[in-house]
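Below, chains carry the letters A, B, ... as their sequence lines are ordered, and counting in each starts from 1.
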Amino acid sequence: MKTARSIRGMTDILPEEVGCYQLVESVFRDILHRYGYDEIRLPMVEYAELFKRSIGSETDIVEKEMYTFLDRSDELLCLRPEGTAGCVRAVVQNGLINQGSIKKLWYMGPMFRYERPQRGRQRQFNQMGVEVFGEESTEVELEILLLCDRIWRNLNIEDLVQLEINTIGDLDSRKSYVTSLTSYLQKYSDDLDDDSKRRLSTNPLRILDSKDDKTQKILSNAPNFTDFVDHKSRGHFEKLCNSLEGLGIPYNVNPALVRGLDYYNRTVFEWTTKELGAQGTICGGGRYDGLVEKFSNKSSAAVGCAFGIERLVMLTRSLSSQENQLSSVADIYIIAVGEEARMMAIRCAENIRSEIPSWRVLQNLGAGSIKSQLKRANKSDSKIAIIIGPEEVASKCVTLKFLRDDLEQESVVESQLISRLKDI
RNA sequence: GUGGCCGUAGCUCAUCAGGUAGAGCACCGGAUUGUGGCUCCGGAGGUAGUGGGUUCAAGACCCAUCGGCCACCCCA
């Protein structure tokens, strides 16, 4: 059946996997709460223009990865490819940033990018994100990195991740570096690989990432980005690095780390892992002091980052263990044979659910012999089966059968059931 | 968008000089009357991703298409 198929790259998260998601999400929620961040819930659809202006129209995301469409009023909309732009929009629109005060927010939800799916990459994927508005000191970066580190530790993946960090200076220093780099590379343009040739005119900074040996050779004599970073940014970065050292957070300065979104300035960082194949970034972010003023007559410093939930789930799962954390184990399975018994069974089930809320009570749905119902009870992993048939109806008793322990089954008067169960 | 590998029962896979498909697990039922787990017996379940082509004959060969995986690209 062709129609019973999900869209490419948009996968179902099956019941057996949901436990892992809930675990990752609850760790995130808990830690963000403890650091004093508030949740904000944002729409999945925004004006396409929002992303063009914030992420940058020359970027891959905007150029070829957005789900863009016209709605019935001919408005050009798109499915959000990331969370920061929408968060900035919301913060400006709702007047959440006041001069001189700091706003700390987090959000969670699906993002959409039209890319070829592969390990760790889907067209619909889930992110958790953090944004802090209104403070330009390195303390913000530091707090976010500390909070990341705490998340890794809570998920027991701290040994599997590394922090890569860099500064890309302010807008002016980036501009002058780009002109310098471009004019240098222009001289060798014939020897560059095809991708890099193309990027020479679109996004020269990206050439630094080229995997081509010849291109890398050319780059070895290219002007150094570090020399172009403005003094303030450099100082900012050094201060951050010193603080990280002081706090014992290992990091690696990666001069080639240039993020693919235009809104960043100064600090950029990525937490990566080698466990996930080619898509090793589990969290990426940085500072974007200039973005708010693009949508507002005010300006505000800002830092943020986003976590890939699927990738974190894969990572925590690659550690084995906690799979099926919240899988379908039950406490009680109720078996009924006959119409009157069924009514009695429902009564008992509801009664237990009211009186012992922490228990998971399954009731056999549909008919079946006692034997087949007991088989199901066994498969449900229930500890106890309650059997109710004509005999039980007649005697106003229920039969308790212990499925995991070597105990005699017993008969309990219906009115005594709860107190008997509470003793177990 | 590009490249490599792959697509047979719910799942994992076999079948392969091309002659209209099998196993294990799972599922359902039974082994004397209302009792699970172990064992034994039986049953159901596949137009071999889809569409063309080659052939007397194709799951097996060719082409296309869709999908999956992995990589490039880029990123979470």
Atom-to-atom span, CD of A:Q118 to P of B:C6 - whole angstrom: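 Value for this atom pair: 19 Å.
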Whole angstrom value for the distance that separates C1' of B:A76 from CD of A:E310: 8 Å
Sugar-phosphate only, base, or nothing, as touched by [X] at under 4.0 Å among non-hydrogen atoms:
X: A:R113; value: base
X: A:K375; value: sugar-phosphate
X: A:Q122; value: base
X: A:G280; value: nothing
X: A:A306; value: sugar-phosphate

Residue met sooner reading RNA chain B from 5', once A:N126 and A:G368 are mapped to nucleotides: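 Result: A:G368.
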Separation between the P atoms of B:A44 and B:G30, rounded to whole Å: 16 Å
Exercise: do A:N252 and A:Q162 side chains pair donor with acceptor under 3.5 Å: no
A:Y288 versus A:N265, side-chain donor and acceptor atoms under 3.5 Å: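 Short answer, no.
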Watson-Crick or G-U counterpart of B:U50, or none if no pair lies under 3.5 Å: B:A64
Complementary nucleotide for B:G22 - Watson-Crick or wobble, under 3.5 Å: B:C13
Lys/Arg cation over aromatic A:Y114: A:R123, 6.0 Å, 45° cone: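 Yes - A:R123 lies over the ring of A:Y114, closer than 6.0 Å to its centre and within 45° of its axis.
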Check against ring pair (Phe, Tyr, Trp, His ring centres under 6.0 Å), A:W152 and A:F307: CA-CA 11 Å; A:W152 312 147; A:F307 305 73; 5.7 Å; yes
